[in-house]
Amino acid sequence: MARNNARYGREDVEAYDRPRRSTRPRTKDRPTYDDAVDGVVVTVDRGRFTVVVAGRQIWAVKARPLGRKGVVTGDRVRVVGDTSGDDGALARIVEVRERSTVLRRTADDDDPVERVIVAGADQLVVVTALADPEPRHGLIDRALVAAYDAGMAPLLCLTKADLADPETLLSTYRALGVPWVVTRRGADGIDGLGELRERLAGRTSVLLGHSGVGKSTLVNALVPDAGREVGHVNVVTGRGRHTSTSALMLALPGGGGEAGWVIDTPGIRSFGLAHVEPDHLIEAFPDLDEMTEDCPRGCTHGGDEPECGLDEAVARGEADPERVESFRRLLAARSATDY
Ligand code: ZN
């Protein structure tokens with residue numbers, strides 16, 4: 001996404017934002033933009049933002065006062081200017097609302113620069129095939145770490161259950177309490193979609209998964225009438241079809257966003273987690289967090305810590321050893337290199 005923004009020339013952004021200097025007295029205050037309207041960013045393509053305003057899709061660029069502040073898929077924004085959505089019409093994003101969540105990643109674990117991938121989503125759906133390709137626990141663990149760190153609820157979506165029994169994989173995640181749904185390929189498409197739809201209803205969910213796991217098939221099945229829905233995959237941007245690898249937010253059928261949103265993430269192949277702090281990760285597990293109150297300063301709560309409260313809680317029989325073990329597996333996945 002940062003790359004996409006960079007491709008868009010700074011001078012272009014400025015050209016679109018000359019806030020009424022000729023008609024208003026010069027003032028030190030920034031314009032108040034009383035006439036701004038609310039919208040949600042559904043995708044970013046070469047510095048141009050597709051924004052849904054009152055159920056219709058418009059195009060916008062960042063206004064100058066935002067400076068270098070990033071605007072990403074899922075951002076709730078305020079826009080001014082031509083919000084007609086007509087051909088060639090271009091509005092300006094003048095404000096980014098406070099983000100309820102941010103899903104971040106670094107390019108890899110040694111990369112100090114973290115990038116926000118998606119804002120404002122409340123659920124991270126980790127799409128994994130049970131076979132063909134084989135599930136990779138390291139990748140699942142890392143996605144879970146990203147979800148917990150972002151304050152998003154995780155959901156495992158296990159596809160291709162017609163090829164393998166989900167139990168083996170589920171046993172690994174049961175102690176963490178990660179909810180799951182299972183889908184299988186049936187004669188008339190995908191079986192098990194109903195339960196997934198229930199889990200997605202009314203929420204904003206990021207779908208994460210590697211090629212071959214069936215994520216695209218799921219997205220197409222969930223948003224079947226995409227041609228007429230807001231935020232269609234083939235959304236025509238001001239410069240042609242959506243071609244970027246930026247996250248793409250799609251309204252679930254019915255209600256233009258009220259029914260919930262799914263956010264596809266076509267461009268995400270790696271998930272650097274250099275930004276994740278152990279103390280932040282454990283906050284996603286309040287029962288475990290409580291047991292670390294007397295940990296020595298700087299304790300990472302990992303298995304090699306000499307005086308970690310988690311070990312003491314297990315020894316006292318107050319903590320489920322499997323749950324502690326699973327948490328520590330996530331902790332290790334944070335810096336694993338063999339995923
Ligand atoms: Zn500890």
Side-chain angles (χ1 to χ4, degrees), residues 98-119 121-126 128 135-158 167-180 206 208 268 270-339:
E98 197 182 331
R99 294 164 168 170
S100 56
T101 64
V102 282
L103 179 62
R104 309 163 196 270
R105 68 160 171 164
T106 49
D108 58 58
D109 287 335
D110 301 324
D111 184 351
V113 182
E114 45 173 274
R115 296 172 178 84
V116 175
I117 309 165
V118 168
D122 50 16
Q123 184 164 247
L124 183 71
V125 184
V126 185
T128 305
R136 291 159 75 185
H137 287 266
L139 291 173
I140 301 172
D141 288 347
R142 291 172 68 84
L144 292 178
V145 171
Y148 290 125
D149 183 63
M152 295 166 69
L155 174 68
L156 285 179
C157 179
L158 309 176
E167 183 50 37
T168 316
L169 191 125
L170 284 174
S171 62
T172 311
Y173 293 96
R174 202 156 273 142
L176 287 173
V178 183
W180 47 272
V206 175
L208 196 69
I268 298 178
S270 67
F271 223 98
L273 297 170
H275 58 284
V276 177
E277 298 291 335
D279 268 338
H280 197 207
L281 182 61
I282 201 165
E283 282 170 20
F285 305 90
D287 58 319
L288 299 182
D289 194 20
E290 219 169 69
M291 297 163 187
T292 63
E293 270 168 18
D294 298 325
C295 280
R297 216 180 141 78
C299 182
T300 64
H301 319 308
D304 53 354
E305 292 286 353
E307 293 171 74
C308 183
L310 293 180
D311 292 311
E312 290 164 20
V314 169
R316 287 195 305 269
E318 289 167 13
D320 171 10
E322 268 190 62
R323 188 165 164 83
V324 169
E325 193 51 45
S326 293
F327 165 74
R328 285 179 166 165
R329 196 186 69 237
L330 292 189
L331 200 59
R334 183 179 133 263
S335 50
T337 52
D338 59 344
Y339 57 94

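Basis for what follows: all heavy atoms, side chains included, without hydrogens, waters or symmetry-related copies. All ligand and atom numbering here is 1-based and tracks the order in the structure. Predicted model, so just to flag it, every value in this text is computed and none were measured.
Residues in residues 282-302 take part in these salt bridge (Lys or Arg N to Asp or Glu O under 4.0 Å) pairs, two or more places apart or across chains: Asp287-Arg323. For the salt bridge (Lys or Arg N to Asp or Glu O under 4.0 Å) condition, the pairs that include at least one residue of residues 302-311, sequence neighbours left out, are Asp311-Arg328.
Using modelled atom types, one side-chain atom of Thr101 and one backbone atom of Ala121 make a donor-acceptor pair closer than 3.5 Å. Arg334 contributes a side-chain N or O that, together with a main-chain N or O of Val276, makes up a donor-acceptor pair within less than 3.5 Å. In this structure, Arg142 contributes its side chain and Ala333 its backbone to a donor-acceptor pair below 3.5 Å.
With sequence neighbours left out, Phe285 forms a ring-ring contact (aromatic ring centres under 6.0 Å, His included) with Tyr148, Phe327.
Of all protein atoms, those of element N, O or S that lie under 2.8 Å from the Zn ion (ligand 1) number 4.
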